[in-house]
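Fair warning: this is a prediction, and the values are worked out from it, not measured in the lab. Quick note on labels: first sequence line is chain A, next is B, and so on, each numbered from 1.
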Amino acid sequence: MSARTLGLAVLLLGTAAGATAAQDPRLGRFDAQTRAAVMALLDSARAVGLPTEPLLDRALEGAAKSASRDQIVAATRRLAGHLARARAALGTKASLAELEAGAAALRAGADSAVLAALRRSRPRQSLTVPLAVLADLVTSGVPADTAAATVLALAPITSDDALIEFRRDVDRDIALGAPPAGAAMVRGGSIYDALNAEGPRVNPPPGPRKP
Amino acid sequence: MFEHEDEMLTRVVEHLKRPVGVDPALDGRVMAQIAAEPVRRPGTTAAAWHWLVTPRRFSLPPLAGLTAAAALAAFLVMRGPAAPASQTTAFQFVLVAPQASSVSLVGDFNDWDPSMSPMTATRQAGLWSAVLPLEPGRYRYAFLVDGVHWQSDPTAPRAGDDEFGVPSSVVTVGGT
Amino acid sequence: MGIDDVGMSDADLVRQVLAGDAAAYAGLVGRYRDRLGRYAVHMLGNREDAEEVLQDTFVRAYRSLARCDEPARFGAWIYGILVNRCRTAGARASRRRRLFVHDEQALEGPATTGQADRTELDELVRWALRRLPVDHREAFLLKYVEDLEYEEMARLLGVGVSALKMRVKRARDQLRIILQEAERV
C-alpha cells in the first residue's frame, strides 16, 4: 500500500472513538478532539497491520510538547506512511525496531530501494542499527546516496557496535569542520579496507580511498 | 619564548597548544567504568548503582541565565542489573544544567511522560543524570528543564524531524 | 567541552570522591579531559589511541585516588599517570587503524588558504614530533605546550631538573634541524 493510499484510507476509514477496543489510559493525555483523531489513526493503522505503538509515541510526543491537534495528526499520519513504506521494503517479518528505524531513514530522505537492499545484504541479522545509522548520517548532512552506499557496504561486514562508532566518528569529523560526504566516505572507506585486508572483496563504499 | 631564529619553533608550539577536540562522550565512558567499580564504602550488591539514583540536596551557584545550561550529555553503556527476559542495556543520560531546579528525561522509552523519569541531581552542582534500561532500538528523546523548557542533547544525533517545533535527539541501542 | 568551574576546587572534588561520592569525579574528568587529551594526542600521534589512553588514565586515577597525597595538586598527579600510560601505549603496537593522520587531509573540503595551511603545518608538526626520541618529545611537550615548571616535571617524571633541561634543549635543537630539513624539501 502506498503512503498516499494509506493516507486516504485513514481519512475514509476513520472510526468513531467508541468503536475501538478498551481505551488506552495514555490517550487521556489528549484533549477530546485530538484523542478522537489519534484513535482513528491508530484504528486505521491497526486495520492494515501496522504497529500502533510508534504512532502513539509520536502523538504523545506532540502532546508533551503542547503541539496543536493538527500538528499531532499530521506528524502521526506522516509516520504511518513511512512505517508502511518501511514494511513494504523490509518485509512483513521485520521487527518493530526495524520498522521504526526504517521509517526514520525514509523520513530523513533515504530511498525504499536502499532499505530493500539492506535487507538482502543482512538477511538474518537485525537491521535496526544500520537503518538508524543511515537515518542519522542523512540528518547530519551526508547526501542520501553517499550515506546509503556507505551503510550498504559496511552493514554486511561490521557489527552494530562498529556501525555506531562509525556514525559517532563521522559526527565528530563534521563537528570539526569536515564536509559531511567526505567524512562518511573516508571513515567508511577506512573501516572497509581494514576489514577486507584479508578477506574477499565485496562492493566497496564510494569516494576517495587511502593510498 | 624562543630566540628570533626560532620563529618556526614558536609557530610549532602555538600550533601544538590548539585544542584537539577530544570526544566529549569520553566523560560518559569513564563514568560508566567507574560506576562498575566497587563502592568505596561497604554496601549491598546494588550499592554500585546507589550513587546514580539517590536524590541529593544541592545548592545552585549564582550563575545567570538558563542558557548557562552547558552541553555535557553522555551516553554510558553499562551491562547492569536488567530484566533477564529481554536483552536490555542500561544507559545513563547526563545533562549539565546549573540553573535548573528540575530536569526530566522524556522520550519514546517512557511514553513522553515527564513524570516517569525525573533526573537526579548529583552532589556536583549542575550535573543531572538518569539511568534507563533500553531494549535494542532507536529512541527519540529530549530533556524537559523546570517543566517548561525543552532541550535536545547537544552531543547526541538530532532526530532530524522536529515536527513540533521543538528539537529532539536520538539514541540507538544495538542488539549485540 | 567540560563542566565549567562552579566553585569547587580539585581538592574539594577529590575529598568528595574519597568520601564515597563517585559522581563528583565527573567534575575532575570534565576539567582535565581536554588538556590531558591534547598531550596524549601529541605524544601518540592519533586521537583514537589518545582517547583510549586518556580513558584508561582517568579510571586508574580514580582507583588510586587515595594515593594522591596532595588533593590540591590533583592535576599534576594525574599528569604523571598519563605520561606513564602514554609510554606504555607508545611502546605497544597499535591494533587500531590510524585514521587521523592521513584522513585529516582527505577530510578537508574546498579549502580556503587558511585551512590548507593549517593542514600542512599539522602534518609537518606531527612528522617532526614523531622523529624525536620519546623522552625528548615528553619533555618538550610538558615544558612548552603544557607549561609545567621544571620542578613539577621532575616530580612527575622522577628525573632531575638538570637532566630535564638537557632533554628539552636537545628536543629544541632536533626540532630546529628537522624543520629546517623540511623547509629545504
Heavy-atom distances under 4.5 Å only: say whether R58(A) touches chain B with side chain, backbone, both or neither.
both
N/O donor-acceptor pair under 3.5 Å between D146(B) side chain and V148(B) backbone:
no
Got a sec, which pairs hit side chain to side chain donor-acceptor pair (under 3.5 Å) with one end in residues 101-115 of chain A, sequence neighbours left out?
R85(A)-S112(A)
Please check: side-chain N/O of R138(B) versus main-chain N/O of E98(A), any donor-acceptor pairing under 3.5 Å?
no
Non-neighbouring partners of F164(B) that pass ring-ring contact (aromatic ring centres under 6.0 Å, His included), sequence neighbours left out:
none
Is there a donor-acceptor contact under 3.5 Å from the side chain of W128(B) to the main chain of V94(B)?
no
I'd like to know if the side chain of Q71(A) and the backbone of S68(A) have a donor-acceptor N/O pair within less than 3.5 Å.
yes
Donor-acceptor contact below 3.5 Å, side chain S169(B) vs main chain D153(B)
yes
Salt-bridged, R69(A) to D31(A), with N to O below 4.0 Å?
no
Would you please go through residues 102-112 of chain B and name the residues with a non-hydrogen atom below 4.5 Å from one of chain A, in numerical order?
D108(B), D111(B), W112(B)
Main chain of H15(B), side chain of R11(B): is a donor-acceptor contact present, judged purely on distance under 3.5 Å?
no
Per-residue contact mode, I72(A) against chain B (heavy atom under 4.5 angstrom)
both
What residues of residues 134-143 of chain A sit under 4.5 Å from chain B when you count only heavy atoms?
A135(A), D136(A), T139(A)
Salt-bridge criterion met for D173(A) and R168(A) (N-O under 4.0 Å)
no
Side chain, backbone, both or neither: which part of L60(A) has a non-hydrogen atom closer than 4.5 Å to chain B?
both
Which one, D57(A), L163(A), L56(A), leads in non-hydrogen pairs under 4.5 Å with chain B?
D57(A)
Mind ranking G62(A), A101(A), A63(A) by heavy-atom pairs under 4.5 Å with chain B and telling me who comes out on top?
G62(A)
Are the side chain of R35(A) and the backbone N or O of F30(A) linked by a donor-acceptor pair below 3.5 Å?
yes
Is A108(A) in contact with chain B via its backbone, its side chain, both, or neither, using a 4.5 Å heavy-atom distance?
neither
Any donor-acceptor pair under 3.5 Å linking the side chain of R122(A) with the backbone of A155(A)?
yes
